[in-house]
Participant: 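Here it is, the structure, as structure tokens.
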Protein chains: 2
Amino acid sequence: MRDILSVLQQIEPDLSKSERILAALLRDDAEFIVNAGITDVAERAGVSPPTVTRFCRRLGCDSYTAFKVQVAQVTFAGTRYLTANAASAAPHDVADSLLHQMQEAAVTTRQALDMHAVAQAADAIATAGMLTAFGAGGTSSMISDEMQNRFFRLGLRTVSITDHAMQLMQAATLKPGDVVIALSVSGRNLQMVRALEAARTYGATVIALTRPHRPVADLADITIGIDLPEGDNILRPSSSRFAFLYVTDLLATLVAMKRGDEARESLRRVKYQLSNSRDPDDKEALGD
Amino acid sequence: MRDILSVLQQIEPDLSKSERILAALLRDDAEFIVNAGITDVAERAGVSPPTVTRFCRRLGCDSYTAFKVQVAQVTFAGTRYLTANAASAAPHDVADSLLHQMQEAAVTTRQALDMHAVAQAADAIATAGMLTAFGAGGTSSMISDEMQNRFFRLGLRTVSITDHAMQLMQAATLKPGDVVIALSVSGRNLQMVRALEAARTYGATVIALTRPHRPVADLADITIGIDLPEGDNILRPSSSRFAFLYVTDLLATLVAMKRGDEARESLRRVKYQLSNSRDPDDKEALGD
DNA sequence: AACCACTATGTAAATCATTTTCATTTCGGA
DNA sequence: TCCGAAATGAAAATGATTTACATAGTGGTT
């Protein structure tokens, strides 16, 4: 994902004095640039219009207009952009930075998504006899549970298993037509690989949401590759959770659409039982 | 969040013939518009430049350039925008639409975020004697568990409780200096309210992530309001999960920064023990 | 310290895109 | 079929951006 502020960061050392002023302006008030002409920008920075044009060229844009468009894209919805590991500790900046990281994770995932594999996976899930989600470790087990939460609502027999021994045992009980969703951020969960091998032995279909070309991916019938660079700030939670959750929602939605009225009826029942329970406050819980 | 394609949708009925052609072009190939001049757009649509200018004005933009900037913002990173409940069932469109919904949820949450409350909450959590997360129902219990997952890594004594009876019992054991994080999408979980009352009785600080001006919010010492409109397509998972997850990450990051070296040491230990276990494949699990 | 060469920057002219003005066309209704 | 209002386009005018060129600045060399 090419974005102009990353470019800026890369070439910043090579910049001249006037260009640095412009760089500072871009960082401090991209909003202003988006709404201003080249003359206004030049004036505010105390440089001449041609200098602004040259600055745009340096950043890889053909014209000032092209530059403005690029800036507009990173200031999406008025959010200030910050590099992923900005040193600033101000809560505002952290909030903006995390937001950006999350959006980048989502967009990157969307762009790299193999829609053919997704469609295949949705088909397999929609017609599964039994649906089993395998996950282990922070992200993977959370997503595994979330898979169960999404698919049981649609009337699918679903279970989430986040324990390696239980995964192996469960795998031994599967039959052709059953589907296993394997979740692994790293793709190198060898104990899970063993369980998946067992599942395949008994004829189950394995769908993997994981990093491509890793043991888990290699073993799957259908692989939906999710490959995000890990941030290098250890204090921040990884944004891969958002990517996995996004794909989960996508699969859930596609399966729900495929199952149509059956899914609707099932969702209605879940809602009905909830509102009939002694928990009048939980009425809105179905939407979640 | 004002966005040009929502505006387009609203005024579409009032549009003239030429303007409709432009509207179609905008929807089909916003990317093109972003990279083209008014002449190119006019030519491609088979209309004259003044018609394009007038079209931009209709959409509330002062000039063609302003229009282009708006378009650039919705085509952020080349993603095709689709209305939240696009009727199309094509997997591609569903994927784009869900992505957009997710981004909108995140941006809306960010914009409405009371950073003062967030900072207060981070302070309270960072210095808590015991940290207890309460959640119940699909989203809330998932986020509750995720809170535990995020904060225990930082060396905080943390537990997630998603059972109403257990919440009440746990509340009875709390002491001043302890912190409860209450998670409720609807804000009307009355059983949770009872547990929170008990927690406050014993001197614990209550932080609520919930809809403002609802029972859960009213009872909290610190309320971080999260208020998203529910989508009207029942087949889609709610995007509020992304909003809650985002705030979770924000709190986790701020607390980690506040605790600094102590958090780093704790994270290092978690990693060390993981890589020392017989699971060589789990080395990357810490990042998650 | 003075000079040279190179780069950076600004001025002014030229170009180009966009907008305005105004004339023409189109369309609905009498 | 004609009228009037709205829509559209042609051409001129405007205004912004870019180019060309001149000047100023900077760093290195003698």
Side-chain angles (χ1 to χ4, degrees), chain A residues 4 7-75, chain B residues 4 7-75:
Chain A
I4 201 155
V7 176
L8 176 62
Q9 197 158 37
Q10 278 177 357
I11 67 161
E12 181 130 39
D14 308 343
L15 256 39
S16 73
K17 203 169 57 181
S18 308
E19 285 169 338
R20 265 162 222 256
I21 298 171
L22 289 167
L25 177 60
L26 172 56
R27 258 199 258 276
D28 290 354
D29 201 351
E31 200 72 18
F32 167 77
I33 291 176
V34 163
N35 298 306
I38 196 169
T39 319
D40 309 307
V41 173
E43 194 173 333
R44 172 137 172 223
V47 302
S48 68
T51 300
V52 178
T53 299
R54 283 187 280 257
F55 176 68
C56 299
R57 298 260 158 83
R58 286 222 152 195
L59 288 165
C61 303
D62 282 346
S63 66
Y64 175 70
T65 310
F67 167 73
K68 240 169 90 156
V69 162
Q70 297 265 315
V71 175
Q73 286 182 332
V74 300
T75 57
Chain B
I4 200 154
V7 176
L8 176 62
Q9 196 157 37
Q10 278 178 356
I11 67 159
E12 181 128 41
D14 308 341
L15 256 38
S16 73
K17 204 170 57 181
S18 307
E19 286 170 336
R20 265 161 221 257
I21 298 171
L22 288 167
L25 177 60
L26 172 55
R27 260 199 256 276
D28 290 354
D29 201 351
E31 200 73 18
F32 168 77
I33 290 177
V34 164
N35 299 306
I38 197 170
T39 319
D40 309 307
V41 173
E43 194 173 334
R44 172 137 172 222
V47 301
S48 68
T51 301
V52 178
T53 299
R54 283 187 280 257
F55 176 69
C56 300
R57 299 260 157 84
R58 286 221 152 196
L59 289 166
C61 302
D62 282 346
S63 67
Y64 175 70
T65 309
F67 167 75
K68 241 170 87 155
V69 162
Q70 297 265 314
V71 175
Q73 286 182 333
V74 300
T75 58

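Letters A, B, ... mirror the listed sequences (proteins, then strands); counts begin at 1.
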Participant: What is the distance, to the nearest angstrom, from the CZ atom on A/F67 to the P atom on D/dT18?
Facilitator: 11 Å
Participant: For A/T51 and A/S18, work out which heavy atoms get closest and say how close.
Facilitator: CG2-CB, 3.8 Å
Participant: Within this structure, what is the OH-to-C1' distance between B/Y64 and D/dT17, rounded to whole angstrom?
Facilitator: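 Spelled out: OH on B/Y64 to C1' on D/dT17 is 16 Å.
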Participant: Once you round it to whole Å, what is the distance between P of D/dG9 and CZ of B/F55?
Facilitator: 14 Å
Participant: Please answer whether the main-chain N or O of A/G37 pairs with a side-chain N or O of A/D40 as donor and acceptor at a distance below 3.5 Å.
Facilitator: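 Answer holds: yes.
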Participant: Would you kindly give the CG-to-P distance between B/L22 and D/dA7, to the nearest whole Å?
Facilitator: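 To the nearest whole Å, that distance equals 14 Å.
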Participant: Establish, with yes or no, whether the OP1 or OP2 oxygen of D/dT17 is under 4.0 angstrom from a side-chain nitrogen or oxygen of A/T39.
Facilitator: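 So the side-chain polar atoms of A/T39 do come within 4.0 Å of the phosphate oxygens OP1 or OP2 of D/dT17, strictly under.
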Participant: How far apart are the closest heavy atoms of B/A45 and B/L25, and which atoms are they?
Facilitator: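 Residues B/A45 and B/L25, closest heavy atoms: CB-CD2, 4.3 Å.
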Participant: Determine: side-chain N/O of A/T53 to OP1/OP2 of D/dT17, distance under 4.0 Å, yes or no.
Facilitator: no
Participant: Flag the pair B/Y64 / B/V41 as yes when at least one side-chain heavy-atom distance between them is below 4.5 Å, and no otherwise.
Facilitator: yes
Participant: For DNA chain C, whose closest nucleotide is more 5', that of B/D40 or that of B/K17?
Facilitator: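 Its nearest nucleotide being more 5', the pick is B/D40.
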Participant: Could you state the interatomic distance from CZ (A/F67) to SG (A/C61), rounded to the nearest 0.5 Å?
Facilitator: 6.5 Å
Participant: Within residues 41-50 of chain A, find the residues that approach DNA chain C with a heavy atom at under 4.0 Å, and present them sorted by residue number.
Facilitator: A/G46, A/V47, A/S48, A/P50
Participant: Distance check needed: D/dA20 P versus A/R54 CZ, whole Å only.
Facilitator: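 From A/R54 CZ to D/dA20 P: 12 Å.
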Participant: If you compare all heavy atoms of A/I33 against all heavy atoms of A/L26, which two are closest, and at what distance to 0.1 Å?
Facilitator: CD1-CA, 3.6 Å
Participant: Can you pull the contact range of chain B along DNA chain C, 5' to 3', using atoms under 4.0 angstrom from its heavy atoms?
Facilitator: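 In short, chain B contacts DNA chain C from C/dT18 to C/dC27.
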Participant: By the salt bridge (charged side-chain N to carboxylate O under 4.0 Å, His left out) test, which pairs, at least two apart or in different chains, include something from residues 50-62 of chain B?
Facilitator: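 Applying salt bridge (charged side-chain N to carboxylate O under 4.0 Å, His left out) to every pair that reaches into residues 50-62 of chain B, excluding sequence neighbours, yields B/E19-B/R58.
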Participant: Round to the nearest Å and state the distance from A/D62 atom CG to D/dT18 atom P.
Facilitator: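 Going from A/D62 (CG) to D/dT18 (P), I get 10 Å.
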Participant: Check the distance between D/dA20's P and A/R57's CZ and give it to me in whole angstrom.
Facilitator: 10 Å
Participant: Tell me the closest heavy-atom pair linking A/L59 and A/L8, and the distance in Å.
Facilitator: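 The pair with the smallest heavy-atom distance is CD2-CA, 3.7 Å.
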Participant: May I ask you to decide if B/A66's main-chain N or O and A/K68's side chain share a donor-acceptor pair within less than 3.5 Å?
Facilitator: no
